[in-house]
Q: 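Please see the structure below; I have some questions.
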2 protein chains.
Amino acid sequence: MTEARIRNARTRAADNLVSIYERQIIDGTLAVGEPLPPEREIMQFFGVSRTVVREAVQALSAKGLVEARPRFRPVVRTPGYDAAIEAVGSVVNRLLTVPGGVRNLFELRIMMEAALVRDAALHADKIHVARMKQALADNEAAISDSQRFFDTDIAFHRVLYEVPDNPVLPPIHQAYTDWLSSHWKRMPRDPEHDHVNYRAHSRIFESILFRDPDAAELALRDHLDYAWNQVRQTFAEP
Amino acid sequence: MTEARIRNARTRAADNLVSIYERQIIDGTLAVGEPLPPEREIMQFFGVSRTVVREAVQALSAKGLVEARPRFRPVVRTPGYDAAIEAVGSVVNRLLTVPGGVRNLFELRIMMEAALVRDAALHADKIHVARMKQALADNEAAISDSQRFFDTDIAFHRVLYEVPDNPVLPPIHQAYTDWLSSHWKRMPRDPEHDHVNYRAHSRIFESILFRDPDAAELALRDHLDYAWNQVRQTFAEP
DNA sequence: TCTGCATTTTTGTCATACCAAATCGGAACG
DNA sequence: CGTTCCGATTTGGTATGACAAAAATGCAGA
């Protein structure tokens, strides 16, 4: 377990550069949005070859510290949670390929949103309740408009992630929708489903209004179980 | 939001190699544990320079698909959730540096474990209950042995992540302990704390035994709030 | 001041070379 | 026959130099 980190006896030269710029970015020596120096400048300054410099830059990019579009100077990235979650995207895509991967991730989502609706039922303030109400109205208005219903569906759930006022949560929701939307869109689109889902949203909202966490959790689990039964059909998973 | 992916108009040559090997790894053409071909071989086969090959390998490594130790041939990695979580480690370390980062992550942990103890109270089977009991006993025996108490503390919480039988969860617990342990260890180590924490574990366990999710959640929140008050003192966070 | 073009940088890629470490193969030995 | 050890070979890490294409820059003209 820990030996996984110990075995790094020898280091690549690029690793030094990476840690140096990592520090400079974190302590603000390199401001957000500022481009890194040109490769040749870096290589002269540190006395390494361009090979090493390029490797370091790529590593920084993979770590999400800088944004490196081809042919452009890498710019220091804003340290938000969005950037972090985006960097995780490729990894999770791999997870979705392992047997049962989609189901495991979906169950994690159920668990998390169950916790969120409980929290909302207990702590949602007027602003968030109003936002949910609006999202619910939008959702109802979008029934039988497949694309718009999909969007408003997502928007409704997003409010749940905003209630606890923890900036980590919205990016997680964003990630979920990104990763699962590809399958979601393959689902059979049927106005009947829209009605069912809207009623489920409505039930969740009411439970939150009544400050009843148990009812809210139950409603949400019903809702997502139903959704899962639709999603799973796009797989061969049991 | 979506433009973040659109602006990738031009592609790097290495990206092709990455996607090719990505496919080969996922569909099993390259078995797990098998090393990638030598760089020179790859470059001849695809007619690209070694620069490109090395860049591709580095990208694969960053994605967690292969494990590339310096001086060794990169080997295809087992597609488990551990690998994924480990790959995001650097990203999360960055998150811990943003203002309030530790607190946000800790609150996420509280929310998640609250959900876990509820689940345990409702669904934990005999095996998991026995495991928790054992962990609790180990924890008690380790009181006032700072290091061992720390380990058994973690072990107790780990059981919570094992109950839902979702392979995503244990790596998440592993990640939490990895990322937070550095701060944890800076905490004032006091046998009194051990007693308090053990009693808290005990209370959580009993609530689960009684199949009382509300009591379990309450006990856990008390426990982690207490822990947070210890952790926060190693920061200047309000 | 703004626009468009020509010039200069800068990145992406290639080719080649060298060193040091890992791997491989066979010899020496039990 | 298996094991150990040592040398040759392979392979990854790094350096250097070069060139095309795209981006940044600066200047001239409107």
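Letters go in sequence order (proteins before strands), and every chain restarts at 1. This structure is a prediction, so every number in the text was calculated from the model and none was measured.
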Q: How many whole angstroms separate atom CZ of B:Arg69 from atom C1' of D:dT11?
A: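 Rounded to whole Å, this separation is 14 Å.
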Q: What verdict does the side chain to side chain donor-acceptor pair (under 3.5 Å) test give for A:Asn139 and A:Thr152, after you've listed the backbone C-alpha separation in whole Å, the side-chain angles of each residue and the deciding distance to 0.1 Å?
A: CA-CA 5 Å; A:Asn139 192 228; A:Thr152 56; 2.8 Å; yes
Q: Write out a two-atom table: protein N or O, nucleotide N or O from nucleotides 18-20 of chain D, distance below 3.5 Å.
A:
unit_1 : atom_1 : unit_2  : atom_2 : d
D:dA18 : N6     : A:Arg50 : NH2    : 3.2

Q: Restricting to side chain to side chain donor-acceptor pair (under 3.5 Å), what partner residues turn up for B:Glu34, sequence neighbours left out?
A: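 B:Glu34: no side chain to side chain donor-acceptor pair (under 3.5 Å) contacts found.
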Q: Taking the side chain of A:Pro38 as its heavy atoms from C-beta onward, which of C:dT10, D:dT14, C:dT23 lies nearest to it?
A: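 Looking only at heavy atoms from C-beta outward on A:Pro38, the closest nucleotide is C:dT10.
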Q: Counting side-chain heavy atoms from CB outward, which of C:dC14, D:dA15, C:dG12 is closest to B:Ser49?
A: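 Nearest to the side-chain atoms of B:Ser49, counting from C-beta on, is C:dC14.
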Q: Name all pairs fulfilling the salt bridge (charged side-chain N to carboxylate O under 4.0 Å, His left out) condition that reach into residues 151-169 of chain B, sequence neighbours left out, sorted by first residue then second.
A: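 Every salt bridge (charged side-chain N to carboxylate O under 4.0 Å, His left out) pair that includes a residue of residues 151-169 of chain B, provided the two are not neighbours, is B:Arg131-B:Glu162.
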Q: Send over the distance from A:Ile42 CD1 to C:dT9 P, rounded to a whole Å.
A: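 One finds 18 Å between P of C:dT9 and CD1 of A:Ile42, rounded.
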Q: B:Glu39: what forms a salt bridge (charged side-chain N to carboxylate O under 4.0 Å, His left out) with it, not counting sequence neighbours?
A: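 Counting only residues at least two positions away or on another chain, B:Glu39 forms a salt bridge (charged side-chain N to carboxylate O under 4.0 Å, His left out) with B:Arg50, B:Arg54.
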Q: Using the test side chain to side chain contact (heavy atoms under 4.5 Å, CB included), find all partners of B:Asn16 that sit at least two apart in sequence or belong to another chain.
A: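 For B:Asn16 there are no side chain to side chain contact (heavy atoms under 4.5 Å, CB included) partners, ignoring immediate neighbours.
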Q: Any idea which of C:dA22, D:dT14, D:dG13 is nearest the B:Glu39 side chain?
A: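 The answer is D:dG13, which lies nearest to the side chain.
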Q: Quick one: salt bridge (charged side-chain N to carboxylate O under 4.0 Å, His left out) partners of A:Asp194, sequence neighbours excluded?
A: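 Expected list: A:Arg189.
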Q: What is the distance, rounded to the nearest whole Å, between atom CZ of A:Arg73 and atom C1' of D:dA22?
A: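 These atoms are roughly 14 Å apart.
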Q: Extract all donor-acceptor atom pairs below 3.5 Å that involve side chains of residues 106-114 of chain B and protein atoms in other chains or at least two apart in sequence.
A:
unit_1   : atom_1 : unit_2   : atom_2 : d
B:Glu107 : OE2    : B:Arg103 : NH1    : 3.1
B:Arg109 : NE     : B:Glu113 : OE2    : 2.9
B:Arg109 : NH2    : B:Glu113 : OE2    : 3.3
B:Glu113 : OE1    : B:His157 : ND1    : 2.8
B:Glu113 : OE2    : B:Tyr161 : OH     : 2.8

Q: Return the set of residues passing ring-ring contact (aromatic ring centres under 6.0 Å, His included) with A:Phe156 (not counting sequence neighbours), or none when no residue passes.
A: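 ring-ring contact (aromatic ring centres under 6.0 Å, His included) list for A:Phe156, sorted by chain: A:His201.
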Q: Using a cut-off of strictly less than 4.0 Å between a heavy atom of the residue and any atom of DNA chain D, enumerate the qualifying residues of residues 52-60 of chain B by number.
A: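 Residues of residues 52-60 of chain B under 4.0 Å from DNA chain D: B:Arg54.
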